[in-house]
Amino acid sequence: MIDKTNGSPSRRVLEGTTAFITGATSGIGRATAKYFAQHNIHLVLCGRRQERLDELSRDLGVHTKVHTLTFDVRDKAAVKKSVDSLPSDFSKIDILINNAGNAHGLDSIDKGSLDDWDDMLDINVKGLLYVSKTLLPQMIDRKEGHIINIGSIAGKEVYPKGNVYCASKYAVDAINQGMRMDLNSYGIRVGAVNPGLVETEFSNVRFKGNSKKADGIYKGFRPLKPEDIADIIYFVVSRPYHVNIADLLVMPTAQANSTIVKKNL
Ligand code: NDP
Ligand code: 8X3
């Protein structure tokens, strides 16, 4: 990729480059896909829900080139097979957004479910590693690429009952730092975007479809919208190549930290 300034010294022109987004079927990933499409970034969109990927492909295909991959990030063979299946038009990945992930449950450590723990560690940590490992060789060969890891405020401070979800996001924080060190000599940019409360399907997944409980999380204050995070991710990727936003924490104004949220209920 060549840095062009397009009349502005502060923005990198990304038209025609390709972004690989995991967790593109919902929330932050979907909003980022839409944002990127508006800027004519070509898209490889991933998730497990085929019908949502088909819908995105139809909607965003009018703005940019879109290819979809349906796989579970926990399945390392499926990750590799999917990446290997990319047609030549989409096989050069310039930007990787490691976004797929969720919280499963909100229970004290003595009451948490083993299946929930497996899900969070397998998806949020190991899935991110499998996808990265599969795409890294080509970035290393080209000595160029940008990886954005979606962490969380939960990876910066532990909150009650957050235990294993927080552990998974602390791991993302550690992996983000480790990747930046180990890929430094190849000129690859690595950074994390760590959101606080964003209104997506996140809480619905955490509370296993209990929408009353999920909606309650965002009541009485103005949470972030997935588009707020997409806007920030676009800002991060569109910096000139010598500028790397390494670690960014963003919360709603009503939120001071993981446990303090100003609510008017
Ligand atoms: P959503 O539930 O709206 O989206 C989660 C996405 O991850 C979906 O596209 C889902 O796709 C995908 N996904 C989940 N499990 C798997 C899997 N096993 N294999 C492949 N894809 C999977 O949540 P958000 O948009 O909020 O979450 C996105 C990221 O942001 C997560 O990493 C989350 O931890 C992080 N985050 C969210 C915050 C929030 O408050 N919402 C705050 C801080 C961080 P599908 O089901 O189709 O596979
Ligand atoms: C998602 C936000 O506050 O549930 O990472 O940890 S929180």
Side-chain angles (χ1 to χ4, degrees), residues 20-34 45-56 68-76 78-79 82 97-106 115-116 118-128 130-131 148-173 175-176 192-209 211 213-214 216-218 221 223-230 232-233 248-252 254-261:
F20 188 106
I21 304 177
T22 66
T25 55
S26 171
I28 293 169
R30 182 166 57 188
T32 303
K34 289 182 179 172
L45 303 179
C46 314
R48 289 166 302 176
R49 284 170 285 182
Q50 176 77 57
E51 67 291 351
R52 291 213 183 176
L53 290 172
D54 291 345
E55 191 183 322
L56 275 170
T68 62
L69 294 175
T70 311
F71 63 88
D72 187 322
V73 294
R74 287 172 290 192
D75 181 345
K76 51 177 169 258
V79 171
S82 300
I97 312 288
N98 272 324
N99 165 75
N102 277 117
H104 294 259
L106 182 69
D115 287 343
D116 284 346
D118 281 344
D119 280 344
M120 290 186 278
L121 296 172
D122 289 349
I123 298 168
N124 303 356
V125 184
K126 289 163 72 181
L128 180 149
Y130 297 155
V131 172
I148 296 185
N149 296 306
I150 305 301
S152 170
I153 191 171
K156 300 290 181 186
E157 46 173 314
V158 180
Y159 54 85
K161 300 184 179 177
N163 46 64
V164 178
Y165 177 66
C166 294
S168 76
K169 290 299 183 176
Y170 268 75
V172 172
D173 190 39
I175 292 164
N176 183 60
V193 172
N194 304 290
L197 290 155
V198 191
E199 189 168 12
T200 62
E201 292 174 16
F202 177 87
S203 291
N204 214 44
V205 173
R206 167 168 255 174
F207 298 119
K208 304 173 197 311
S211 50
K213 224 166 160 183
I217 297 291
Y218 308 108
F221 74 105
L224 295 172
K225 296 282 176 206
E227 291 74 19
D228 295 318
I229 305 301
I232 287 168
I233 292 173
L248 187 152
L249 178 63
V250 51
M251 288 173 262
Q255 182 175 19
N257 66 12
S258 274
T259 51
I260 301 175
V261 182

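Counting starts at 1 for both ligands and their atoms, in listed order. FYI, the numbering just counts along the sequence from 1.
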Please report which non-hydrogen protein atom sits nearest to [atom], along with the residue it belongs to and the distance in Å to one decimal place.
atom: atom 12 (C) of ligand 1; result: Gly23 CA, 3.6 Å
atom: atom 28 (C) of ligand 1; result: Asn99 OD1, 3.1 Å
atom: atom 25 (O) of ligand 1; result: Ile28 N, 2.8 Å
atom: atom 1 (C) of ligand 2; result: Phe202 CZ, 3.3 Å
atom: atom 34 (O) of ligand 1; result: Tyr165 OH, 2.7 Å
atom: atom 44 (C) of ligand 1; result: Gly151 O, 3.1 Å
atom: atom 6 (O) of ligand 2; result: Tyr159 OH, 2.8 Å
atom: atom 18 (N) of ligand 1; result: Asp72 OD1, 2.9 Å
atom: atom 2 (O) of ligand 1; result: Asn102 ND2, 2.9 Å
atom: atom 27 (O) of ligand 1; result: Gly101 O, 3.9 Å

What I want to know is whether [X] and ligand 1 share at least one N or O pair that is separated by under 3.5 angstrom.
X: Ile123; answer: no
X: Arg48; answer: yes
X: Gly47; answer: no

Is there a heavy atom in [X] that sits closer than 4.0 Å to ligand 1?
X: Gly127; value: no
X: Leu197; value: yes
X: Lys169; value: yes

- [ ] Scan Leu56, Ile21, Thr25 and name whichever one has a side chain to side chain contact (heavy atoms under 4.5 Å, CB included) with Arg30.
- [x]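 Single pass found, and it is Leu56.
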Quick one: does any side-chain atom of [X] pair with a main-chain N or O of [Y] as donor and acceptor, under 3.5 Å?
X: Gln255; Y: Gly196; value: no
X: Asn99; Y: Thr22; value: yes
X: Tyr170; Y: Glu157; value: yes
X: Asn194; Y: Ser152; value: yes
X: Lys34; Y: Ala230; value: no
X: Tyr159; Y: Cys166; value: no
X: Asp228; Y: Lys225; value: yes
X: Arg206; Y: His104; value: no

Element-labelled atoms of ligand 1 that are located less than 4.0 Å from some non-hydrogen atom of [X]:
X: Val198; result: 39 (C), 40 (O), 41 (N)
X: Gly27; result: 3 (O), 25 (O)
X: Ser26; result: 1 (P), 3 (O), 4 (O), 8 (C), 9 (O)
X: Glu201; result: 2 (O), 3 (O)
X: Ala24; result: 9 (O)
X: Thr25; result: 8 (C), 9 (O), 10 (C), 11 (O), 45 (P), 47 (O)
X: Arg74; result: 18 (N)

TODO: Please identify which atoms of ligand 2 are closer than 4.0 Å to at least one heavy atom of Tyr165.
DONE: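 Checking each atom against Tyr165, I get 1 (C), 5 (O), 6 (O).
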Open item on the list: Quick check on contacts: which atoms of ligand 2 are under 4.0 angstrom from a heavy atom of Ala154?
Closed with: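 Checking each atom against Ala154, I get 6 (O).
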Open item on the list: Using the rule given for side-chain contact (heavy atoms from CB on, under 4.5 Å), can you reason through Asn102 versus Met120, listing the C-alpha separation, both sets of side-chain angles and the distance that settles it, and then say yes or no?
Closed with: CA-CA 7 Å; Asn102 277 117; Met120 290 186 278; over 6 Å; no
TODO: Would you mind checking if Glu201 and Lys208 are paired as a salt bridge, meaning a charged N to carboxylate O distance below 4.0 Å?
DONE: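 Between Glu201 and Lys208 there is no salt bridge, as every charged N stays at least 4.0 Å from the carboxylate O atoms.
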Task: Salt-bridge contact Arg74-Asp119 (side-chain N to carboxylate O under 4.0 Å) - done: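 Salt bridge flag = yes for Asp119 with Arg74.
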TODO: Would you mind telling me if ligand 2 is within reach of the side chain of Arg206, the backbone, both or neither, using heavy atoms under 4.0 Å?
DONE: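 Under 4.0 Å from ligand 2, Arg206 contributes side-chain atoms alone.
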TODO: Go through Ile28 and Val193 one step at a time and tell me if the side-chain contact (heavy atoms from CB on, under 4.5 Å) criterion holds.
DONE: CA-CA 11 Å; Ile28 293 169; Val193 172; over 6 Å; no
- [ ] Please find out if less than 6.0 Å separates the ring center of Phe202 from that of Tyr165.
- [x]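 That pair passes the under 6.0 Å test.
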TODO: Of all the heavy-atom pairs spanning Pro252 and Leu197, show the shortest one and how long it is.
DONE: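 Nearest pair, atom of Pro252 first, then Leu197: CG-O, 3.5 Å.
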Task: Taking every non-hydrogen atom, the tightest pair across Asn149 and Asn176 - done: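 So the two residues come closest at ND2-OD1, 3.0 Å.
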Task: Per atom 20 (C) of ligand 1, closest listed option by heavy atom (Thr200, Thr32, Val193, Val73) - done: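 Heavy atom nearest to atom 20 (C) of ligand 1 belongs to Val73.
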- [ ] Run down the list Ser152, Gly196, Ser168, Pro226 and name the one with the heavy atom closest to atom 42 (C) of ligand 1.
- [x]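 It is Gly196 that holds the nearest heavy atom.
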Open item on the list: Is it true that, when you exclude Lys161 itself, more than 12 heavy atoms of the residues, nucleotides or ligands shown sit nearer than 6.0 Å to its NZ?
Closed with: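 Counting other residues, nucleotides and ligands, NZ of Lys161 stays at 12 neighbours or fewer.
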Open item on the list: I'd like to check whether Ser152 has a polar contact with ligand 2, where a contact means an N/O of the residue lying under 3.5 Å from an N/O of the ligand.
Closed with: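 Yes, at least one N or O pair falls under 3.5 Å.
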Task: Proximity to ligand 1 by part of Ala103, non-hydrogen separation under 4.0 Å - done: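 Within the 4.0 Å criterion, Ala103 makes no contact with ligand 1.
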